[in-house]
Amino acid sequence: MIERRFWFALLVAAIPGVAEAETIIFDPAVGSERTYHLEISMASGFSDSSFRDNQFVSALTRFVVTGRDDDGAIGMDVFPLWLAYDEGSRVTSTAFGDAPDDLALLMREGFSATIDPESHGLKDFAPRGDAEMPEAMLAQMRDQLGQPVLPVEIEAKEGWSTTTTLPGVADVEITVSTVTPDAVFLSYEGASADTRLSGVSVLARDSGWVERSVMTYDTRINPGADDERFSRQTIAMANTESPFPLYTHAFRGEPEWHDMPTFPFSSIVMPPEPDMVFSGKPGEADRHGKTYTLSFAHDPAAGSNIGRFALHDFHLFDGETELPTQFIATSPLTVPGDGGFRTVSRARPVGIGDVRADLERATALRADVDWYPSEPFTLTLRPDADGKASISRNGATAEIRPTDDGYELLLSGKTWDFFGLSFPEGSDVKGQIYAADSGADWLTPEESQARRLALPDYSGLKVVLKAETVPEKIEIRVERYAETPAATRAVTFRTERGKRLDPDTEPETRALYPDGAPPALDALTPEGLDLAAVRFKLATTQAKHCEAGLDEPVSLAGHDLVFETQADEQTGTTTLQLETDDGIRTHFYGHDPITVVIDCEATVGWRKVSEALDPARPWLVDPEILGADSTMTIGAFNARFRLVNAEGTALALVMPDGTPLAPDETLAAALFEDGHIRAAGWPERILEADAGSNPVTRRFEIRFPDLPEPREDAR
């Protein structure tokens with residue numbers, strides 16, 4: 001059932017076009033084409049259980065009209081461009097090599113089809129080119145693509161309706177809701193024994209192509225039985241040239257009632273200047289699985305009245321080399337954060353192949369960003385005793401009226417108007433938000449809002465309200481966005497690799513000693529005494545000049561107590577541990593007190609290197625200035641130099657590919673293309689080890705704890 005509807009949604013493009021002035025049939029020009037973006041959300045489970053499985057399907061498909069026969073049959077080529085399936089944390093995508101080679105070949109070559117002039121369904125379907133397809137698979141695909149697709153003519157007259165059959169639903173009433181010079185808006189309502197349908201679509205009057213469509217199906221399996229199951233899906237489709245976002249939401253069960261906001265609106269401020277909106281700083285492309293989260297910050301002086309954005313024309317780069325990967329992105333949202341506002345979008349790679357190598361190489365994703373400023377204004381409703389009120393201003397309207405169960409607030413405006421609500425403080429008002437044309441009463445608020453894609457009033461909303469008393473007033477903030485962009489800027493979104501390789505970007509702070517730097521000699525203390533062990537940890541640079549022992553020889557069961565030296569190259573530290581000379585005993589519960597003596601023939605100090613750091617980019621360090629060549633090991637470098645930030649933390653080195661540096665690797669592995677090594681953070685100074693001639697002796701009186709008494713429950 002899901003597969004049939006998936007392909008039905010793709011081929012819904014092949015429905016009526018203009019034949020006569022008021023009758024619409026499919027009559028496209030040869031050579032015309034459409035590429036559609038499809039999003040499907042699906043939920044399934046047992047009707048009497050709150051548990052459900054959610055899946056999402058995304059696709060791009062291109063349809064090209066190739067010719068016409070004498071009998072009116074229309075030839076079409078169908079090219080699947082991308083398909084992704086998302087189930088929980090598992091995402092399968094043809095852009096990531098998840099399509100088998102034979103299927104990928106078929107998708108690249110595409111399929112040829114013929115649209116029957118009488119039924120408007122597929123009369124023929126076969127692979128194009130030299131690709132071969134098993135007969136069983138071909139038959140299945142033909143069945144999926146060959147379902148009836150509105151086998152009726154449509155009259156461009158508001159209120160006109162007819163009844164027909166669509167896949168899975170025998171009786172579907174199609175009604176013309178609105179007619180404009182360019183488009184016809186249709187609504188669909190239907191039900192059969194186990195499936196019901198509610199949907200909307202938009203037809204272009206001059207071509208007959210479907211521009212946008214949203215269909216929601218609810219299917220019951222074994223209806224009425226104890227093990228009744230349901231399958232719910234919303235299918236949203238739009239021409240890729242459509243400016244409207246595709247919102248599909250998985251069915252979440254019975255809709256929840258939400259508390260309506262009571263906080264006052266902020267003061268209305270003038271729109272910011274473009275240079276405040278586009279600060280000139282690069283954005284970020286953070287990779288999460290098979291998607292990028294794109295974000296860029298606005299100047300804090302821009303305030304809260306940012307406006308809205310649209311992203312288009314994506315290009316992926318490795319340095320200055322453009323990579324072939326293509327993307328689609330969600331509509332951006334602007335959110336507060338870091339003392340200002342950031343605009344965020346999700347970009348997904350599309351195509352048939354395997355883009356993983358390109359994503360690993362990529363340093364930046366660039367896109368053109370359109371900015372539509374906002375000039376907000378406020379409407380105030382003051383309901384009467386019956387809960388009625390209405391107001392209109394600047395082409396926006398708001399009306400509240402009572403219903404059998406409470407109230408409903410109807411909002412309408414220009415296409416891109418966005419409405420915010422504020423109720424009086426202390427109000428106990430709950431609400432659910434639907435599209436203005438909410439559709440069948442079994443649709444959830446989320447399913448209803450998805451329909452906005454194909455409704456004539458995109459901004460229109462119906463807010464269903466429940467309240468014990470009528471609110472004395474309702475404030476409505478209308479965000480009135482410009483119809484055309486006030487500015488378009490190319491924005492670079494840097495990937496993690498791009499940020500690492502960019503010399504102007506401060507690397508993230510990473511300490512050389514994540515667990516704390518080893519103490520200096522004057523701060524040295526024994527560790528492990530709570531477990532009757534004795535350990536001292538020193539920087540290996542210092543430990544090379546030190547020996548540890550006891551002021552008087554001590555033995556235990558015929559074995560002397562000695563200190564074992566254990567060097568850790570990864571951390572650059574050395575541990576001096578007390579144990580018997582056979583290495584068996586390392587814990588000495590109840591042992592007599594001992595005196596530990598640590599003699600160091602020299603004290604390692606740290607002097608500041610005279611060479612000044614670049615005040616603008618201090619993380620860039622020229623190793624030649626330090627007298628360090630590319631053959632020096634990382635361990636040797638860390639033993640000799642410390643890059644220290646303002647807090648006194650020694651910083652690690654950054655590697656160009658982001659992997660940790662092993663002590664036995666050389667500086668050559670840490671060199672960037674510009675010949676610099678980079679500190680992991682913002683160093684304030686560079687220190688160099690200086691082993692002076694000052695000898696130091698430290699003595700420690702050690703008392704060991706008694707052996708713990710066994711617990712009562714362990715006896």
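Hydrogens, waters and symmetry mates are skipped; everything else that's a heavy atom, side chains included, is used.
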- Message: Can you confirm whether the side chains of Thr23 and Glu155 place a donor and an acceptor under 3.5 Å from each other?
- Response: no
- Query: What pairs with Ala490 under side chain to side chain contact (heavy atoms under 4.5 Å, CB included), at least two apart in sequence or on another chain?
  - Reply: Asp368
- Asp370 side chain to Thr488 side chain, donor-acceptor N/O pair below 3.5 angstrom: yes
- Item | Which residues share a side-chain hydrogen bond (donor to acceptor under 3.5 Å, both in side chains) with Ser295, sequence neighbours left out | Arg342
- Is Ser459 reaching over with its side chain to a backbone N or O of Lys414, donor-acceptor style, under 3.5 angstrom? yes
- Start with the C-alpha distance between Phe296 and Phe309, add both sets of side-chain angles, then the distance that settles ring-ring contact (aromatic ring centres under 6.0 Å, His included), and finish with yes or no. CA-CA 11 Å; Phe296 66 102; Phe309 299 88; 5.6 Å; yes
- Item | With Pro373, the side-chain contact (heavy atoms from CB on, under 4.5 Å) member among Pro271, Pro485, Pro274 | Pro271
- Using a cut-off of 6.0 Å, state whether more than 12 heavy atoms not belonging to Glu322 lie near its atom CD. yes
- Message: For Gly253, is there any backbone N or O sitting under 3.5 Å from a side-chain donor or acceptor partner on Arg232?
- Response: no
- Message: Determine whether a donor-acceptor pair (N or O, by modelled atom type, separation under 3.5 Å) exists between the side chain of Arg452 and the backbone of Asp437.
- Response: no
- Rounded distance [0.5 Å steps], CD in Gln233 versus CG in Leu197: 10.0 Å
- Query: Are the side chain of Arg477 and the backbone N or O of Phe419 linked by a donor-acceptor pair below 3.5 Å?
  - Reply: no
- Message: Looking only at side-chain N and O atoms, does Ser201 offer a donor or acceptor that is under 3.5 Å from a partner on Tyr188?
- Response: yes
- Message: Parallel, tilted or perpendicular: which one describes the rings of Phe251 and Phe230, with boundaries at 30° and 60°?
- Response: perpendicular
- Item | Thr216 (side chain) donor-acceptor with Thr234 (main chain) under 3.5 angstrom | no
- Tell me, do Asp417 and Tyr458 make a side-chain contact under 4.5 Å, heavy atoms counted? no
- salt bridge (Lys or Arg N to Asp or Glu O under 4.0 Å) between Glu284 and Arg494, intermediate numbers included: CA-CA 5 Å; Glu284 298 182 355; Arg494 293 176 306 179; 5.8 Å; no
- Query: When rounded to the nearest 0.5 angstrom, what is the spacing between CD in Glu446 and CZ in Arg451?
  - Reply: 14.0 Å
- Any donor-acceptor pair under 3.5 Å linking the side chain of Asp358 with the backbone of Val355? no
- Message: Between Ser44 and Ser231, is there a side-chain donor-acceptor contact under 3.5 Å, judged purely by atom types and distance?
- Response: no
- Query: Do the side chain of Thr330 and the main chain of Arg346 share a donor and acceptor less than 3.5 angstrom apart?
  - Reply: yes
- Backbone N/O of Leu453 and side chain of Arg212: donor-acceptor pair under 3.5 Å: yes
- Task: Using atom types as modelled and distance alone, determine if a side-chain donor or acceptor of Ser279 lies under 3.5 Å from a backbone N or O of Met276.
- Result: no
- Message: Under 6.0 Å from the ring centre and within 45 degrees of the ring axis: does the NZ or CZ of Arg366 meet both conditions for the six-membered ring of Phe317?
- Response: yes
- Is there a donor in the side chain of Ser58 and an acceptor in the side chain of Trp82, or the other way round, less than 3.5 Å apart? no
- Item | Approximate separation, where rounding is to 0.5 Å, of Thr240 OG1 and Arg62 CZ | 10.5 Å
- Query: Is there a donor-acceptor contact under 3.5 Å linking the side chains of Thr92 and Asp98?
  - Reply: no
- Task: Assess Arg489 against Trp371: is NZ or CZ under 6.0 Å from the centre of the six-membered ring, and within 45 degrees of the ring's axis?
- Result: no
Exercise answer: donor-acceptor pairs, residues 170-177 side-chain atoms, under 3.5 Å, sequence neighbours excluded:
residue, atom, partner, partner atom, Å
Ser177, OG, Phe185, O, 3.1

- Task: Determine yes or no for a side-chain-to-main-chain donor-acceptor pair under 3.5 angstrom, with Ser438 supplying the side chain and Ala435 the backbone.
- Result: no
- Item | Neighbour count >12 (heavy atoms, 6.0 Å) for atom CD, Glu375 | no
- From Tyr85 atom OH to Met42 atom CE, the distance as rounded to the nearest 0.5 Å: 5.0 Å
- Message: For Asp86, give me all partners under side chain to side chain contact (heavy atoms under 4.5 Å, CB included), at least two apart in sequence or on another chain.
- Response: Phe56, Val91
- Task: With sequence neighbours excluded, tell me which residues meet ring pair (Phe, Tyr, Trp, His ring centres under 6.0 Å) with Phe79.
- Result: none
- OH/Tyr372 to CZ/Arg308 distance, rounded to the nearest 0.5 angstrom? 5.0 Å
- Message: Taking salt bridge (charged side-chain N to carboxylate O under 4.0 Å, His left out) as the definition, give me every residue that meets it alongside Asp286, ordered by chain and number, with sequence neighbours left out.
- Response: Lys499
- Message: Any donor-acceptor pair under 3.5 Å linking the side-chain atoms of Tyr434 with those of Gln432?
- Response: yes
- Message: Is the ring pair Tyr36/Phe63 parallel, tilted or perpendicular, if the boundaries are 30 and 60 degrees?
- Response: perpendicular
- Indicate, with yes or no, if the rings of His312 and Phe327 have centres closer together than 6.0 Å. no
